[in-house]
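What follows is a set of notes on a single structure, which appears directly below.
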Amino acid sequence: QVQLVESGGGLVQAGGSLRLSCAASGRTFSGYAMGWFRQRPGKEREFVAAISWSYGSTTYADSVKGRFTISRDNAKNTLYLQMNSLKSEDTAVYYCAARRGAPVTSNYVYDYWGQGTQVTVSS
């Protein structure tokens, strides 16, 4: 059984920081890209960040560049999203995902998904 479980969401003040984690289990993820997506109220799910199996290759949405950092610990099968300088518009349910191959921005081509974790940013 393949499972992705997000954690670390919660309530934070604008300008604050939060770190999300995604624990993967059920198989090894060698060669898999992983990413973070989010869904804000009344909007479609959107791309946030992605990372290749190699730690050196990352991609970010324009809205989070300079504020968010994606990373992974392959030995622990865990994905992270460090979120700094949070804004009210960052409020959303955040999902982690995995796919075999290159990190891409389309949610349609990711094979495995977590259940999501709520992030709420207050002013």
Rounded distance (nearest 0.5 Å) linking atom CE of Met83 with atom CD1 of Ile70: 12.0 Å
Inter- and intrachain pairs under salt bridge (Lys or Arg N to Asp or Glu O under 4.0 Å), touching residues 95-119, at least two apart: none
Partners meeting side-chain contact (heavy atoms from CB on, under 4.5 Å) with Lys43 (sequence neighbours left out): Arg40
Test ring pair (Phe, Tyr, Trp, His ring centres under 6.0 Å) applied to Tyr32 - qualifying residues, sequence neighbours left out: Phe29
Inter-residue atom distance Glu46.CD - Arg38.CZ, 0.5 Å rounding: 4.5 Å
Contact list for residues 77-87, test side chain to side chain donor-acceptor pair (under 3.5 Å), sequence neighbours left out: Ser17-Asn84, Gln82-Asn84
Check: Gly66 main-chain N/O paired with Tyr60 side-chain donor or acceptor under 3.5 Å: no
OG1 on Thr58 to CZ on Arg72, rounded to 0.5 Å: 12.0 Å
Atom pair OG (Ser71) and CG (Leu81), whose distance is rounded to the nearest 0.5 Å: 8.5 Å
With Thr120 via side-chain hydrogen bond (donor to acceptor under 3.5 Å, both in side chains) - residues at least two apart: Gln118
Partner residues of Ser7 under the side-chain contact (heavy atoms from CB on, under 4.5 Å) criterion, sequence neighbours left out: Ser21
Test side-chain contact (heavy atoms from CB on, under 4.5 Å) applied to Val121 - qualifying residues, sequence neighbours left out: Val12, Ala14, Leu86, Asp90, Thr91, Val119
Heavy-atom pair with the smallest gap, counting every atom of Ala24 and Leu4: CB-CD2, 3.4 Å
Interatomic distance, Met34 atom CE to Leu79 atom CG [nearest 0.5 angstrom]: 4.5 Å
Trp36 with Val2, same ILVMFWY side-chain cluster at under 4.5 Å: yes
Greater than 12 external heavy atoms within 6.0 Å of Glu44's CD: no
Side-chain donor/acceptor of Glu6 to backbone N/O of Gln115, under 3.5 Å: yes
Leu11: hydrophobic cluster co-members (side-chain, 4.5 Å): none
Transitive ILVMFWY cluster of Val109, excluding itself - 4.5 Å side-chain cut-off: Phe37, Phe47, Val93, Tyr95, Val104, Tyr110, Trp113
Residue pairs fulfilling disulfide bond (SG atoms under 2.5 Å apart) with at least one residue in residues 80-123, sequence neighbours excluded: Cys22-Cys96
